[in-house]
Amino acid sequence: METRRLPARKDGRIILHFDHDCFYAAVFEARNPSLKSLPFAVQQKHIIATCNYEARRRGLHKLMLVRDAKRICPDVIIELGEDLTRFRDASKDLYNFIKAYSWDGKLERLGFDEIWMDVTSMVDYNMEFLNRNDLQHSFFVLSKEDPTLGFAYDASVLAGHSYPKALGPSGDGDGRLDELSLRHHLGSHLALHIRHQLEEQKGYTSTVGIATNKLLAKLVGNLNKPKAQTTLMPPLASSDLDSDSLGNALLFMDDHEIGKIPGIGFKLAQKLREFIVQHPVEYDFANGGAQEQVSVARVRQHPDIDFEKLEALLGGPGSPHGIGYKVWCLLHGVDDSEVSQDRPVPRQISIEDSYLRLDTMTKLLTELNTLAQSLIKRMRIDLLSTEDDFVEEKSTSEVDASEAVDRVVVGKRWLAHPRTLRLTTRPRLPLRVDGTRERTMKRISHSCPLPNFVFDLRASTEAVAEKLVRQTVLHMFRRLHPEKSGWDLSLVNLAVTNMAEAAGESKTANGRDISNMFKRQDEVLKDFRVTESPPELVSFSGELSEEEGSHVAAFGEGVPMFNDDNEDDDWNE
DNA sequence: CCGGGGTCGT
DNA sequence: ACGACCC
């Protein structure tokens with residue numbers, strides 16, 4: 001029987017997927033609104049990273065060569081976007097703005113411009129407030145603590161677009177709405193409210209998808225963009241009453257090209273295409289992908305495919321276990337993955353640059369120092385508390401003058417200590433005998449423990465960066481490229497990873513913070529108190545030791561030691 | 001001719 | 001350490 005092959009649907013959640021419209025371009029437009037009505041693009045090296053809709057109207061598109069863009073649209077305005085600082089800052093600002101609406105921190109970023117928010121608890125709560133006899137005059141409560149905080153809305157209608165397209169008033173002939181549709185209405189009105197606030201208060205437009213899981217929310221948003229929202233409406237599965245219909249989830253998924261499904265990337269899509277058409281499929285990166293398009297419906301309905309066949313086809317050495325079942329679920333619009341909890345710090349911080357030619361030690365040293373300094377700066381931005389924790393703690397007692405001088409820097413504490421440093425390069429391969437060069441994007445990397453001196457806030461970023469390059473990065477480079485010369489790098493990346501969150505700092509690390517998670521953001525911050533002395537103050541209080549102590553942060557569990565690791569010779573200089 | 005980031009799993 | 005996936 002056909003139905004046994006279908007993965008089970010669990011559609012109890014309501015999830016919003018936000019996508020900031022042409023984000024890099026929007027960051028420039030926010031500073032200079034006159035760009036909005038002009039064709040405008042952001043360049044990284046030789047490519048157009050993104051462009052605004054005025055430029056797209058004239059035929060420009062993402063990842064196009066700058067040369068082609070200028071030929072098609074000679075009056076295009078271009079800004080450089082290789083330094084991501086301003087984009088990262090804007091991304092964080094918008095993320096925090098949206099986070100303030102969340103009741104439980106179920107908030108997940110994808111790239112700089114996409115955010116999922118699981119709003120199930122807010123929808124559940126507001127469903128209880130509805131007057132079923134007067135849905136038109138509803139009030140959406142945004143705070144459990146303050147029921148007056150919220151907005152008026154008409155719960156009898158959906159906000160924004162729907163899939164499938166609404167044919168008229170929703171509900172049955174008597175105008176009655178089922179509970180599931182009503183939940184989607186609430187999600188759509190919350191999405192509209194947040195989108196409007198984002199635009200009014202931050203000046204950014206967004207595109208939102210509303211559905212019962214991450215996959216569907218992200219995909220359905222694509223139906224109407226930019227500056228719009230789309231809800232995938234129930235019934236998602238076919239019912240007994242309506243057994244000849246697919247349900248809206250399959251109806252929606254079936255038309256997609258398989259490579260467009262999040263989670264099915266280049267490799268998986270190629271394997272699926274070649275199994276379906278039974279011959280090799282050429283892929284042309286310049287001309288929009290696969291020569292042969294294969295729809296979700298074709299894979300899903302193929303007589304020889306079920307999830308076990310998919311596991312055999314897609315699995316193998318190196319591939320994740322259960323990949324066949326996962327893909328089978330995705331093809332049906334089933335995605336039970338959770339929207340992950342908001343994390344106070346990233347898993348990794350990396351800085352990279354690419355080069356036409358990087359083949360001498362002199363040039364390499366310059367580049368490594370630049371990258372290292374950017375990395376140290378990034379660490380101080382992304383891994384230090386924003387609050388002046390130390391001073392705040394002392395505010396009830398006296399803060400003497402000498403402490404006050406250092407409070408800006410010393411008052412901040414590390415939210416996490418990366419334990420690992422990684423150097424990655426992309427070597428340009430040597431010429432082959434016929435004079436051509438094999439083009440490869442392959443990278444090689446080497447990791448080592450991150451020295452503790454990088455956490456010393458008294459030293460300048462330049463000093464820390466130089467020391468890091470001299471004492472650590474250069475050794476890693478020799479390990480990656482033992483040849484004295486002959487190498488030529490097309491890319492260098494420097495990263496810190498393996499974050500050890502500082503004790504008591506994680507918002508999910510202990511019971512106190514779990515309870516705080518259910519309060520609004522401002523209240524969480526207001527209630528926050530530091531109960532321990534910041535570790536970096538330990539070394540600050542005394543003389544610098546000359547001994548070579550625990551020179552590097554330890555691998556494994558636990559917080560790195562901070563006693564007196566620093567010092568070698570030239571450090572005090 | 002080839003962006004600068006991220007996440008996770010093996 | 002690398003390779004898949006995402007923007």
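In the text below, chain A, chain B and the rest are named by the order of the sequence lines, each starting its count at 1. Computation of the quantities below employed the complete heavy-atom set of this structure, encompassing side-chain atoms and omitting hydrogens, waters and symmetry-equivalent molecules. Note that the structure is predicted; figures quoted are calculated from it, not measured.
Here dC5(C) presents its C1' atom at 16 Å from CZ of R347(A), a figure rounded to the nearest Å. Residue K326(A) contributes atom NZ, which lies 10 Å from atom C1' of dC6(C) at whole-angstrom precision. Counting to the nearest Å, the P atom of dG6(B) and the CG atom of L491(A) are 13 Å from each other. The distance from atom CG of L494(A) to atom P of dG5(B) is 11 Å, rounded to the nearest whole Å. dC6(C) atom C1' lies 15 Å from atom CD1 of I115(A), rounded to whole Å. Between the C1' atom of dA4(C) and the CG atom of L110(A) lies a distance of 14 Å, rounded to the nearest Å. In this structure, K267(A) atom NZ and dC6(C) atom P are separated by 13 Å, rounded to whole Å. Between the C1' atom of dG6(B) and the CG atom of L375(A) lies a distance of 14 Å, rounded to the nearest Å.
Proximity of S354(A) to the phosphate of dC2(B): no side-chain N or O atom is located under 4.0 Å from OP1 or OP2. Note on H321(A): every side-chain N or O is 4.0 Å or more away from OP1 and OP2 of dG9(B). Proximity of S445(A) to the phosphate of dC2(C): a side-chain N or O atom is located under 4.0 Å from OP1 or OP2. Between K45(A) and dG4(B), a side-chain N or O to OP1/OP2 separation shorter than 4.0 Å is present. The side chain of K218(A) contributes an N or O atom lying less than 4.0 Å from OP1 or OP2 of dC7(C).
The residue among R343(A) and R67(A) whose nearest nucleotide of DNA chain B lies closer to the 5′ end is R67(A). Between L371(A) and L356(A), the one whose closest nucleotide on DNA chain B sits nearer the 5' end is L356(A).
In this structure, the side chain of Q44(A) does not engage the main chain of E82(A) through any donor-acceptor pair within 3.5 Å.
Nucleic acid contact for I444(A): sugar-phosphate only, since backbone atoms but no base atoms lie under 4.0 Å from a heavy atom of the residue. When heavy atoms are screened at a 4.0 angstrom cut-off, Q43(A) is found touching no nucleic acid atom at all. Using a 4.0 Å heavy-atom criterion, one finds that S490(A) contacts no nucleic acid atom at all. Within the nucleic acid shown, R428(A) has no heavy atom closer than 4.0 Å to any nucleic acid atom. Residue N493(A) is classed as having no contact, given no heavy-atom separation below 4.0 Å to the nucleic acid. If you check every strand for non-hydrogen atoms under 4.0 Å, F23(A) touches nothing. Across all strands, G263(A) comes closer than 4.0 Å only to sugar-phosphate atoms, never to a base (heavy-atom distances). Among the atoms of the strands shown, base atoms are found under 4.0 Å from some heavy atom of Q348(A).
One distance of note links CG of L60(A) with CG of D68(A); it measures 9.5 Å at 0.5 Å rounding.
Listed here is the closest heavy atom pair of F477(A) and M361(A): CD2-CE, 4.3 Å.
The number of heavy-atom neighbours closer than 6.0 Å to NZ of K326(A), taken from other residues, nucleotides and ligands shown, is 12 or below.
A distance of about 24 Å separates the P atoms of dC2(B) and dC7(C), rounded to the whole Å.
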Verdict with supporting geometry, F40(A) and F28(A), ring pair (Phe, Tyr, Trp, His ring centres under 6.0 Å): CA-CA 9 Å; F40(A) 171 62; F28(A) 282 101; 5.6 Å; yes
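The nucleotide whose nearest atom lies closest to any side-chain atom of H446(A) is, among dT7(B), dC7(C), dA1(C), dA1(C). Side-chain proximity of E82(A) to dC2(B), dG4(B), dA1(C): nearest is dG4(B). Closest approach to the R88(A) side chain among dG6(B), dG3(B), dC5(C) is made by dG6(B) (side chain taken as heavy atoms from C-beta onward). Relative to the side chain of H46(A), the nucleotides dG5(B), dG4(B), dC2(B) differ in distance, and dC2(B) lies closest. Which of dG3(B), dC5(C), dG5(B) sits closest to the side chain of Q44(A) comes down to dG3(B). Listed candidates were dA1(C), dG3(B), dG3(C). Nearest to the side chain of K442(A) is dG3(C). The side chain of S350(A) has dG5(B) as its nearest neighbour among dG5(B), dC7(C), dC5(C).
No hydrogens or angles considered: a donor-acceptor pair under 3.5 Å links the side chains of E367(A) and Y355(A).
Ring pair H302(A)/F275(A) is tilted by interplanar angle, where 30° to 60° counts as tilted.
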